[in-house]
Amino acid sequence: MVKHWSLRPTDALRADGLRIADLDTSGTPGFDGDKQKGQQLLAERATVLSGLQEKLFANGRTGDSRNVLLVLQGMDTAGKGGIVRHVIGSVDPQGVDHASFGVPTEEEQQHHYLWRIRKALPRAGQIGVFDRSHYEDVLVVRVHNLVPPEVWEPRYDEINAFERELVEQGTTLVKVAMFVSLDEQKNRLMERLDRPDKYWKFNPADIDERDYWPAYQEAYQVMLDRTSTEIAPWHVIPADRKWFSRLSVTELLIDALERQKLDWPPAEFDIEEQKRRLIEA
Ligand code: AMP
Ligand code: MG
């Protein structure tokens, strides 16, 4: 059992059968400790994650095609950026392929919605991070009728097929949906308006989006129901407590990397011979 967890995080956070409407966004499912314990553990586990990431990177440099892709979805203020900064920020930046997806550019609109996603996929040995993703094309697009249902409806199956292709090519997908309560979102948006160092994060349209909360809840539910697959399951993270969501994503990434059973790549030279040469050099 992972320290302070009564359930394995992968099981405690698994989306299967979960109704978002019933989710306690301030909960800490599977975790027994309080904030202080959580933060302590996060520091310890960040070191573990960093070590595993270095092994993944080393293997990528020596011909192993495997990689990891963290997909982050969540409403504004759910804490996606905090995951990037505080969880991904604990590993070597050269091993991270980061991409964020906003409103498609004019060029992107000329292409299939997966076009920009394929271009941003992580290289071998990298941890890829998607801050928003192809799932926007069944979330914001569905909620705002940006395309008709006959266009977005087939996307769920198409996304599953796309992700199967990625897994077959050696990618381990870690899909994370983060949920804050409507009240907590209000607090966080207010903080953005109260603090000069946060104005830049504020977008007046975020307030309008709050009217669509139930429609988003529904779109998220359908997304989880239709695209949480055996090979690429969703995890649902209650995100009112930032320390918990950061700890949770750290644990999910550690689990994904441990499942790869990585070793350090062996030397491709004769070690003794090289030592002799170095002594004489
Ligand atoms: P942010 O993540 O705060 O920078 O906001 C990015 C915005 O881009 C969000 O409002 C997303 O809903 C929006 N967005 C992302 N992908 C798409 C898409 N495929 N179509 C329309 N809007 C999108
Ligand atoms: Mg935003």
Side-chain angles (χ1 to χ4, degrees), residues 20 69-89 97-121 128-160 162-163 175-182 184-224 226-227 234 237 239-240 242 245 249:
I20 302 168
L69 176 57
L70 174 66
V71 173
L72 296 173
Q73 280 296 156
M75 302 291 289
D76 263 296
T77 76
K80 303 183 292 297
I83 297 293
V84 174
R85 192 199 290 216
H86 296 279
V87 176
I88 300 304
D97 283 336
H98 172 268
S100 57
F101 298 97
V103 178
T105 62
E106 227 167 87
E107 188 191 19
E108 286 168 350
Q109 279 174 29
Q110 307 299 312
H111 292 85
H112 187 271
Y113 68 99
L114 292 176
W115 179 75
R116 64 176 183 165
I117 304 295
R118 287 185 188 278
K119 280 207 308 178
L121 290 170
V129 185
F130 282 0
D131 179 344
R132 302 186 190 270
S133 66
H134 41 299
Y135 285 102
E136 290 293 324
D137 291 280
V138 289
L139 292 169
V140 65
V141 167
R142 174 182 167 135
V143 167
H144 288 287
N145 301 309
L146 300 180
V147 298
E150 53 279 19
V151 176
W152 56 252
E153 165 59 34
R155 288 181 176 171
Y156 298 98
D157 290 341
E158 193 173 30
I159 287 172
N160 287 337
F162 168 63
E163 291 184 352
K175 301 195 294 193
V176 167
M178 304 172 71
F179 293 96
V180 282
S181 67
L182 195 53
E184 179 62 15
Q185 191 197 45
K186 186 179 255 184
N187 294 337
R188 292 183 185 181
L189 287 174
M190 192 59 84
E191 196 182 359
R192 290 182 182 180
L193 291 171
D194 280 337
R195 284 179 46 179
D197 61 325
K198 300 224 172 191
Y199 294 161
W200 67 276
K201 287 193 194 182
F202 184 80
N203 177 353
D206 295 346
I207 297 178
D208 303 314
E209 285 296 88
R210 288 170 60 78
D211 291 340
Y212 294 89
W213 196 266
Y216 272 108
Q217 296 275 105
E218 190 194 339
Y220 268 98
Q221 186 67 57
V222 177
M223 176 195 83
L224 296 177
R226 296 199 53 187
T227 64
W234 274 106
I237 308 221
D240 286 359
K242 289 178 180 170
S245 51
V249 177

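Side-chain atoms are counted along with the backbone in the values below, which use heavy atoms only and exclude waters and symmetry mates. Note that ligands are numbered from 1 as they come in the structure, with each ligand's atoms numbered from 1 the same way.
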Keeping [X] on the side-chain end and [Y] on the backbone end, is there a donor-acceptor pair under 3.5 Å?
| X | Y | answer |
| --- | --- | --- |
| Q110 | E106 | yes |
| E136 | G102 | no |
| R188 | D240 | yes |
| H112 | L114 | yes |

Would you check the N or O atoms of [X], main chain and side chain alike, for any that come under 3.5 Å of an N or O of ligand 1?
| X | result |
| --- | --- |
| Y216 | no |
| R132 | yes |
| V103 | yes |
| G102 | yes |
| D131 | no |

When you look for heavy atoms under 4.0 Å from ligand 1, do you find them on the side chain of [X], its backbone, both, or neither?
| X | answer |
| --- | --- |
| D76 | side chain |
| A205 | neither |
| E209 | neither |

W115 and H111 aromatic ring geometry - parallel, tilted or perpendicular at 30°/60° bounds: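 If you compare the ring of H111 with that of W115, the planes turn out parallel.
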Nearest-contact summary for atom 18 (C) of ligand 1 - protein heavy atom, Å: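 Here the closest protein heavy atom is P104 CD, 3.4 Å.
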Of all the non-hydrogen atoms in the protein, which one sits nearest to atom 23 (C) of ligand 1, and at what distance? V140 CG1, 3.6 Å
Nearest heavy atoms of Y156 and M223, plus distance in Å: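 Looking at all heavy atoms of both residues, the shortest contact is CE2-CA, 4.0 Å.
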Shortest non-hydrogen contact from T227 toward N160: CA-OD1, 3.4 Å
Measure from atom 12 (O) of ligand 1 to the protein's non-hydrogen atoms and state whether any distance is below 4.0 Å.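 It does: a protein heavy atom is found less than 4.0 Å away from atom 12 (O) of ligand 1.
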Do R155 and Y113 form a cation-pi contact, if we require the NZ or CZ to be under 6.0 Å from the six-membered ring centre and within 45 degrees of the ring's axis? yes
Atom indices of ligand 1, in the order listed, that fall short of 4.0 Å to a heavy atom of L146: 21 (C)
Pull out every atom of ligand 1 sitting under 4.0 Å from any heavy atom of D137, numbered as shown with elements. 19 (N)
Check whether any heavy atom of R116 sits under 4.0 Å from an atom of ligand 1. yes
Is D76 close enough that one of its N/O/S atoms sits under 2.8 Å from the Mg ion (ligand 2)? yes
Show the numbers, then the answer: is there a salt bridge (charged side-chain N to carboxylate O under 4.0 Å, His left out) between E191 and K201? CA-CA 10 Å; E191 196 182 359; K201 287 193 194 182; over 6 Å; no
Ionic contact status for R210 with D76, cut-off 4.0 Å: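 Result for this pair is no, no salt bridge flagged.
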